Amino acid sequence: MIEQRTKLIHAFGALADLGQEVANKNNFQETIRTSLHLISGSLAIMRGGVARYSRYGHELNMLAVRGLGDDFPLSLSLCLEDERQFLANGLNPIETEHAKVLPFFQVYDRSFDSRRIELFVPLVIRDEIVGAVFLGEKATGEPYTSYEKEIICAMGRHIGVAISQRNLMAEIERHAEENRKLFDDLRTTYNDTVKAFAAAIDCKDKYTEGHSVRVGRYSEIIAAELDWSADQVEGAATAGYLHDVGKLTVERKIINAPYRINAKESAELNKHPAVGFEILQPIHHPYTDVPLAAKYHHERLDGRGYPDGLYDREIPYIAKVVNLADSFDAMTTDRPYKARRPAGEVIEDLRRNAGKQFAPELVTAFLRGMLKELTGETKDKRFRRMLGREYMEAEGIVPTLRNTLNEMRPTTPLTYIASDQP
Amino acid sequence: MITENGAETAFLAADDKAVVLAGDYLNKLSGEAIERECKTKLESGVKELVVDFSQTEIINSIGISILLGVIDTAANSGAKVVFADLNEESAELFEMLGLTKHVTMA
């Protein structure tokens, strides 16, 4: 009686330890190894193994073994009849000696006999085989009692749940990976579409070919210099690519007019930000401010922009970024009525208009990006590629940039105060 | 001492006899290192393994499983296993579980 009680206490201790081990969600392999130790140690079982069932390969693959030797198979196949019988049996120990009618025990008879495997426990969880436990003889050499089989059954349930949870996690991880790939594909498709749109917009204006693409890249440079996240930088580039999408509805002769357009034509052209917003607004963009950038990229900090004459803080920040990129491109490319201006002059113009048209910190960031490229601090050659090596490496550009950046830091206010305006 | 096999235990080897200090290290998964170390000793010709339990208070199921591994490895090598300084409670448990059939108690 006392002996039985001591044995029970020992076995229940192992069961409690196993429950804790499974609940702790440690390393899966370690959990299975520990589980095998606990089940072996609880009843002093000389040898055994724990396998996981692959329903695709219809095989039991050993996760942990003890004392089975090198000859014991690490992968054991099941036929449909075996599966059917094991499912019907549920999570109950099967005595191998009395189950030789099943194909599984016929195929592996020699391996089971040589290692004295006495019990086979199919781990059936929620009507699904998730694995199996193989158990050899006990140290006493006695047959398993019914209460010992019940303990094995309870421990097997814990191990089965651990394997089942692991399978679910693997399934979730696989779905997450598939979703990530789908998302990446969608993102690539979106970005390609954006670039195709930018090319379509630029095709309409033969004098400013590549304008949208350049504005996209300048916006990207500014955002990167501001230490925005990778997604935000990509969003800024997209906003730049699409800022002039509204021009698709403006007559080609107005866009391509080889003269300064008149007031009527100007009014027509000036509708393009609002039209661009209307085009972009219904689209579900991965970046929230893209339609706003199109609508407000001609607004100025001093309220003298269009379409709404907004002041500084009323203007969405992304629109300020695109405005600077757009203006810079206008100044540095040839127009039918105006040749492009030298880089030094453009830099001076940006400085002079910081706080009036442009947000000063954006001008600083943009010029800093340019200086980094020219001094070799970054390996990018985007300015040189877009504007030409000769243009960007004109004498005096680097000192001008350095002086401008030094001047702007202490003197220019960081933000323009709308209420200071008349 | 920490052996090559990672066993944080002590081996005192003399001729064909080795003594293993079980400690309470046996009761953890990392105690598997003892099994590996025993195997190494047996492969080097040790014919008697003495497991010293003088510093072991309680032995859990993991500990028993590891000891069964030691017993199995020794049996395969034709070596003898001796359990020494086992407390009364553990001795009773070993007797009940049948471990004592495979070892010599000292």
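Reminder, nothing fancy here: chain letters follow the sequence lines and each chain counts from 1. This structure is a prediction, so every number in the text was calculated from the model and none was measured.
- Distance CD/B:E95 to OG1/A:T140: 11.0 Å, rounded to 0.5 Å.
- Enclosure of atom CD in A:E177 by more than 12 non-hydrogen atoms of other residues, nucleotides or ligands within 6.0 angstrom is indicated.
- Heavy atoms of other residues, nucleotides or ligands lying less than 6.0 angstrom from CZ of A:R180 number more than 12.
- What you find for B:I64 and A:G41 is that their closest heavy atoms are CG2-O, 3.7 Å.
- Atom CG of A:D185 has more than 12 neighbouring heavy atoms from other residues, nucleotides or ligands inside a 6.0 Å radius.
- A pairwise comparison of heavy atoms in A:T34 and B:I62 identifies CG2-CD1, 3.8 Å as the closest pair.
- With a 4.5 Å cut-off on non-hydrogen atoms, A:I39 does not touch chain B at all.
- Other residues, nucleotides and ligands contribute only 12 or fewer heavy atoms inside 6.0 Å of the CZ atom of A:R157.
- Counting heavy-atom neighbours within 6.0 Å of A:Q106 CD, excluding the residue itself, gives a total above 12.
- Of the listed residues (B:I71, B:L68, B:N76), the greatest number of heavy-atom pairs within a distance under 4.5 Å of chain A belongs to B:L68.
- In this structure, A:K138 NZ and B:L99 CG are separated by 12.5 Å, a value rounded to the nearest 0.5 Å.
- The line from CG of B:L93 to NZ of A:K7 is 10.0 Å long, rounded to the nearest 0.5 Å.
- Residue B:N60 comes nearest to A:H10 through the heavy atom pair C-CE1, 4.2 Å, listed as atom of the first residue, atom of the second, then distance.
- Atom CE of B:M105 has more than 12 heavy atoms from other residues, nucleotides or ligands within 6.0 Å.
- Within a 6.0 Å sphere centred on CG of A:D71, other residues, nucleotides and ligands contribute 12 heavy atoms or fewer.
- For A:L18, no part sits under 4.5 Å from any heavy atom of chain B, backbone or side chain.
- Both the backbone and the side chain of B:I66 come within contact range of chain A, judged by heavy atoms closer than 4.5 Å.
- Interface remark: B:E32 contributes side-chain atoms only to the contact with chain A (heavy atom separation under 4.5 Å).
- Interface remark: of the candidates A:G141, A:G67, A:A44, A:A44 forms the most heavy-atom pairs closer than 4.5 Å to chain B.
- No more than 12 heavy atoms of other residues, nucleotides or ligands lie within 6.0 Å of NZ in B:K39, so this atom counts as exposed by the packing criterion.
- Closest heavy-atom contact between A:S42 and B:L97: O-CD2, 3.9 Å.
- Between the A:R66 side chain and the B:S65 main chain, a donor and an acceptor come within less than 3.5 Å of each other.
- Residue B:E35 touches chain A through its side chain alone, counting heavy-atom pairs closer than 4.5 Å.
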